[in-house]
Student: 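Can you keep this structure in mind? I'll have questions shortly.
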Amino acid sequence: MSEKKPGIINRLFGLIGKILTAIRHLFTLVVVILLISGLTQIASNSVQPIPEEGALYLAPSGVLVDQKTFVDPLEQLVYQNTAPEETLVRDIVDAVDYAQDDPRITHIILDTDYMTGASLSKLQEVGSALKRFKTSDKPIIAVADNYDQNQYFLAAHADTIMLNPLGSTFITGLSSYRSYFKEALDKLSVTVNIFRVGQYKSAVEPLMRNSMSTNVKEESKVLLDDLWQFYTDEVEALRELDAGAINTYVNEAPNLLKASSGNAGLMAKDFGLVDSLVSRSEIRDYLNKEIPGEDNQYNSIDMGNYLANKRIESINLDDTLDRVAVITASGDIMDGQQPEGSIGGDTLAKIFDGITEENKIKAVVLRIDSGGGSAFASEIIRDAISRVQDAGLPVVVSMSSVAASGGYWIAAEADSILALPTTITGSIGVFGIIPTIDQSLAKLGIYSDGVGTSSFAGMMNIDRPLNEHVKQVIQLSVDDIYARFLTLVAEGRNSTTEEIHKIAQGRVWTGNQALENGLIDQLGDLDDAISVAAELANLDNYEVDFRRKQMEPFEAFISQLNANIMKTLTKLVGQSDQISSSTHFIHQYAEKLAQPLLQLERLNDPKGIYLYCEKCWQ
C-alpha cells in the first residue's frame, strides 16, 4: 500500500496542475477577447442616433458630483478596482437644456432608482434645468420602484409621478449626528494635541469630547432648519401642497400609514406625493402608448448617447470666439499634485498658470465644491488665482454644495462670488492637530529616549509627547493663519477684520445666510456665474471652456479601453447585484464612524495646520 501512495499523489497533483493550466489559458482567452472587444469599440466609436421623435431617458447613477473621482485606469484594468458610481451634474443639466430646444425630444423619462446620493444644492441645479425644460410644454414622467428623500426632490419636478405598488416615498428630514472618540482615545492612551481658533471650529470635537458642544448644536440646528425649509417649500410648491404638508407627512407617518392599511405606496398617493401606483409592466405599457416606437418599444435615447450626439453636432465651433474658462475644484484641498476628486495645491495652480498663456480666454469661473483642507495648499491656489487677476482676467467663483474653510480661502478675493441658497459656506477658522502615542507605547513597555540639539528637535515624532515650547509655536502659527484669514476675507469683501470676526470663528452658513452676511455677492448657479464672468469681461459672444487636469496619452487610451471592456462585461453578464440593504447601511456607518480618524491620515499640510470644515456634509 505504501508503494502506491506516491503514484496516487503524483496523479492528484498532475490533475490539479492540468486544471490550473486550463484555468490560466481560459483566463488569458477571456482577457484577449475583452481587449479585442474594447479596441473594436474604440475603432467603431458607435453612438446611438437620436430618434426622430422620442424621449430623453434620464437615469442618474450613483452620487451626483461636480467632478468624478479619479481611479488609475491601468490599476482598474488589471486589478478591476471599481470606480465609484458617479454622475456629473453638468452632464444632466446640459442634456436637459439641449432637450428643451430639441424638436426630436418629446418627453423626459426621469428614472431615479439608480441615484444613491446628492447634496441639496446639486439637486437644486438639476431641478432648475427641469423647470426650464417644462417651459417647452414637453412632459416629464418620473418612474421609480421607491423614492428616497433626494430622489423624490427631483421626481417632484415631473408632470406625472409613478411609483411601484410595493414601493414607498421615504422622506425623513435632515440631521447632523457624529461619533465622538474622547473616551476611546483616553482608554488607548492616545494624546491628541489640538490647536484651534474659533468657538465654532468643531472639526476636532470628536477627538476632544464625548458629545457635541452647545455652540455647534445651535449652529447646526439653524443651518439644518434653513436647508429643510428650502426642501419643504420647493416640494410643496411643485406638488401644489399646503404649506407645512411635508412636515405633516414626516411627523404623522404612523397615523397616515395606518389610514392606508400599512400600504406605504398608497399612503404617498393618498397624500398627493405620487400620481399613480403602477407595476413595471404597466409603466412599460404606458410609455409604449405615450411614446410609440417599433416592436412595441417606446422611442428613447439615454443621456450618455444623447450628449455624445449633441456634442458631436457642436464640435465645429467658431475658433475666433473668446472663451470663459471653467475650472472645477472638488474634494479635500491637499498639498502637491493630486488626482481629480481631490484638490492638489500644485495641480490647480498649474491649471491657473496655463490660463494666462492663452489669448482666447478672457474670464475664469472657479467652481468650488470643497470643505477645505491644507492651509498651505489653499494659499498656493489663492496665489495662482491672484496671478490670473493681475493679468487682467476677471475670476468669478461659483459655489456648489460647499465652499467653506479652505474652500472659502481660495474664493475670498474673487471679483464676484455666487452661491446657491443651499450652499454651505463660511467656516472661517483654523485648527492644527498632532496625535502622539507615547503613553500607548509605554503600556506595552516601549519607550522613546535620546538627545537632541534643541527642544524642537524630533518634535514631530509620534512616539514622543509635545513639549510646551512646541505647543506654543503651533498655537501661535494657528493664530497667525486665522489673522491672515480675517484680513484676506476683509480685503476681498471690502470689510474690516473686526466685522468678519463676528461671522467667522469657524461658523458655517447657508447661501441665503452668506448673502445676508456679505460673504457672497448674489445667489445663482454655474450658468449664472458664467454670465457674470462674461459680463465682467465685456463678452457678448463666447464659448465656455471646461478645463481639467490632462491625462497622459497612454492613460487616456487605457481609460477608454477599460470603459469599453466594462461595457462588454455588462452586456455579457448583466448588471452586478446590488449590495443588500443591511450590508450597505453597515458600510455607511463604518465610514461615518471612522471619518474623523481617516481625516487625520488623508490631510497632508506640511505644518499640520488646516482650514477644514467637517460639518459640510453636503
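For the numbers below, each heavy atom of this structure counts, side chains included, while hydrogens, waters and symmetry mates do not.
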Student: Scan residues 275-285 for pairs that pass salt bridge (Lys or Arg N to Asp or Glu O under 4.0 Å), counting only residues two or more places apart or in two chains.
Tutor: Asp145-Arg280, Arg239-Asp275
Student: Which residues pass the side-chain contact (heavy atoms from CB on, under 4.5 Å) test with Ala529, not counting sequence neighbours?
Tutor: Val365, Val396, Ser398, Leu418
Student: Who passes ring pair (Phe, Tyr, Trp, His ring centres under 6.0 Å) against Tyr286, sequence neighbours left out?
Tutor: none
Student: Whether Asp97 and Lys310 form a salt bridge (side-chain N of Lys/Arg under 4.0 Å from carboxylate O of Asp/Glu) is what I want to check.
Tutor: no
Student: Using the side-chain contact (heavy atoms from CB on, under 4.5 Å) criterion, which residues pair with Glu535? Sequence neighbours excluded.
Tutor: none
Student: What residues, two or more places apart in sequence or in another chain, satisfy side chain to side chain donor-acceptor pair (under 3.5 Å) together with Glu125?
Tutor: Arg367
Student: Please tell me if the side chains of Phe181 and Arg209 come closer than 4.5 Å, counting only heavy atoms from C-beta onward.
Tutor: no
Student: Listed by chain and number, what are the salt bridge (charged side-chain N to carboxylate O under 4.0 Å, His left out) partners of Asp225, not counting sequence neighbours?
Tutor: Lys221
Student: If the condition is salt bridge (charged side-chain N to carboxylate O under 4.0 Å, His left out), which residues does Asp302 pass it with, not counting sequence neighbours?
Tutor: none
Student: In chain order, what residues pass the side-chain contact (heavy atoms from CB on, under 4.5 Å) check against Ala329, with sequence neighbours excluded?
Tutor: Ile343, Leu348, Leu366
Student: Quick one: list whatever passes side chain to side chain donor-acceptor pair (under 3.5 Å) with Glu234, sequence neighbours left out.
Tutor: Lys131
Student: Can you name the residues that form a salt bridge (charged side-chain N to carboxylate O under 4.0 Å, His left out) with Asp159, not counting sequence neighbours?
Tutor: none
Student: Please confirm whether the backbone N or O of Gly372 pairs with a side-chain atom of Ser370, one donor and one acceptor, at under 3.5 Å?
Tutor: yes
Student: By the salt bridge (Lys or Arg N to Asp or Glu O under 4.0 Å) test, which pairs, at least two apart or in different chains, include something from residues 242-261?
Tutor: none
Student: Hey, does Leu64 have a side-chain heavy atom less than 4.5 Å from the side chain of Ile92?
Tutor: yes
Student: By salt bridge (charged side-chain N to carboxylate O under 4.0 Å, His left out), which residues pair with Asp521, not counting sequence neighbours?
Tutor: Arg493
Student: Between Asp66 and Arg90, does at least one N-O distance fall below 4.0 Å, as a salt bridge requires?
Tutor: no
